Amino acid sequence: MSRVVYATATTLDGFLADENHSLDWLFAVPSEETMAGFGRFLETVGAQVMGSSTFEWVCAQERLRERPETWRDAFGERATWVFTGRERAGVDGADLRFVAGSVADHIDAIIASAAGRDVWIAGGGDLAGQFADAGLLDEVRLSIAPVTLGGGAPLLPRRLASDRLTLRNVERAGQFVDLVYSVSS
């Protein structure tokens, strides 16, 4: 059965990106061990979901519209659902599904596209919060980087009380600490 998993890197002070939506802080930290763990995680994923800001950042950072083959190298053939309020340009050869509205309105189709594998919420924090609000978030996987930003895009701009989160695993991955929490509704 498919699970909905929010997996992301974050700073010690709980930010996903800086005030300019940059992830440069993440790439400044040696992360070979974390990337190996991420590769294992990605093998469990049948579909991914992201917000429009995350999608546009990935497209710009990797120059995906100029080099669409890079999408397949990074994300494979899996369906990618992009929640957006406006029309977006796609990436040639990518299975992109642009949708608007409530995550609950699309969850059945998202899970069906995962074909029995997990659904990865790739970003951002508000989108993951919408899944949590709807009782659709099963797991949170964090790779905590040894850096603070003091501001930026928050990890999860929602209150999830400790009675909804159960720590399942802790691992050291180089300079990162990887945490896995199950989420109850």
Side-chain angles (χ1 to χ4, degrees), residues 1-17 21 23 26 34-35 37-58 74-76 78-85 88 94-145 149 152-171 173 176-185:
M1 188 167 123
S2 297
R3 298 172 309 140
V4 177
V5 179
Y6 177 37
T8 191
T10 184
T11 64
L12 283 173
D13 55 349
F15 293 101
L16 301 174
H21 305 288
L23 297 180
L26 177 60
T34 295
M35 290 310 295
F38 177 72
R40 288 188 300 276
F41 164 73
L42 204 52
E43 291 173 4
T44 70
V45 173
Q48 61 189 12
V49 178
M50 60 181 72
S52 58
S53 294
T54 300
F55 173 72
E56 290 300 335
W57 183 88
V58 169
F75 301 115
R78 68 185 49 83
T80 299
W81 298 77
V82 179
F83 280 80
T84 182
R88 301 278 175 185
D95 183 358
L96 295 168
R97 302 165 192 205
F98 297 97
V99 295
S102 165
V103 297
D105 292 342
H106 301 284
I107 191 64
D108 291 339
I110 293 169
I111 288 176
S113 73
R117 297 170 79 188
D118 289 341
V119 174
W120 171 32
I121 302 173
D126 184 63
L127 183 61
Q130 292 175 47
F131 277 86
D133 292 348
L136 300 171
L137 183 60
D138 298 304
E139 187 173 274
V140 175
R141 301 176 68 91
L142 303 174
S143 289
I144 301 174
L149 297 178
L155 168 66
L156 191 59
R158 299 287 193 283
R159 181 182 176 105
L160 286 181
S162 61
D163 63 342
R164 291 190 59 196
L165 298 167
T166 302
L167 183 63
R168 296 291 181 204
N169 195 39
V170 178
E171 290 183 21
F176 289 78
V177 175
D178 292 341
L179 305 174
V180 178
Y181 287 91
S182 61
V183 181
S184 61
S185 299

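Heavy atoms only: backbone and side chains are in, while hydrogens, waters and symmetry mates are out. Numbering of residues begins at 1 and proceeds along the displayed sequence. None of these values were measured; they are calculated from a predicted model.
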Interatomic spacing from CG in L179 to OG1 in T10 - rounded to 0.5 Å: 10.0 Å

Least distance between heavy atoms, S185 atom then G135 atom: OG-O, 3.3 Å

Set of salt bridge (charged side-chain N to carboxylate O under 4.0 Å, His left out) partners for D138, sequence neighbours left out: none

Distance from L156 atom CG to I121 atom CD1, nearest 0.5 Å? 9.0 Å

Can you check whether R78 reaches L42 side chain to side chain, under 4.5 Å on heavy atoms? yes

Only one of T80, T54, D118 passes side chain to side chain donor-acceptor pair (under 3.5 Å) with Q48, and that residue is T80

Could you report the tightest heavy-atom contact between A100 and T84, atom names first, then the distance? CB-O, 3.3 Å

Return the set of residues passing salt bridge (charged side-chain N to carboxylate O under 4.0 Å, His left out) with R141 (not counting sequence neighbours), or none when no residue passes. E139

Restricting to non-hydrogen atoms, name the atom on P154 and the atom on L16 that form the minimum distance, rounded to 0.1 Å. O-CD1, 3.6 Å

Would you call the rings of F55 and F98 parallel, tilted or perpendicular, taking 30° and 60° as the class edges? perpendicular

Heavy atoms only: give me the nearest G51-L127 pair and the separation to one decimal. N-CD2, 3.4 Å

Do V99 and I110 have side chains that get closer than 4.5 Å, going by heavy atoms? no

Could you point out which residue of F38, F131, Y6 forms a ring pair (Phe, Tyr, Trp, His ring centres under 6.0 Å) with W120? F38

Residue from L167, N169, T166, L142 passing side chain to side chain contact (heavy atoms under 4.5 Å, CB included) with V180: N169

Could you report the tightest heavy-atom contact between F176 and A145, atom names first, then the distance? CE2-CB, 3.4 Å

Answer yes or no: is there a side-chain heavy-atom contact under 4.5 Å between V119 and W81? no

Mind checking the OG1-CE spacing from T8 to M50? Nearest 0.5 Å is all I need. 11.0 Å

What closest approach, in Å, do L136 and V4 show between heavy atoms, and which atom pair accounts for it? O-CB, 3.1 Å

Spacing of CG belonging to D13 relative to CD1 belonging to I144, to within rounding of 0.5 Å: 11.0 Å

Check whether any side-chain heavy atom of Y181 sits under 4.5 Å from a side-chain heavy atom of L160, and report yes or no. no

Whether over 12 other heavy atoms sit under 6.0 Å from H106 NE2: yes

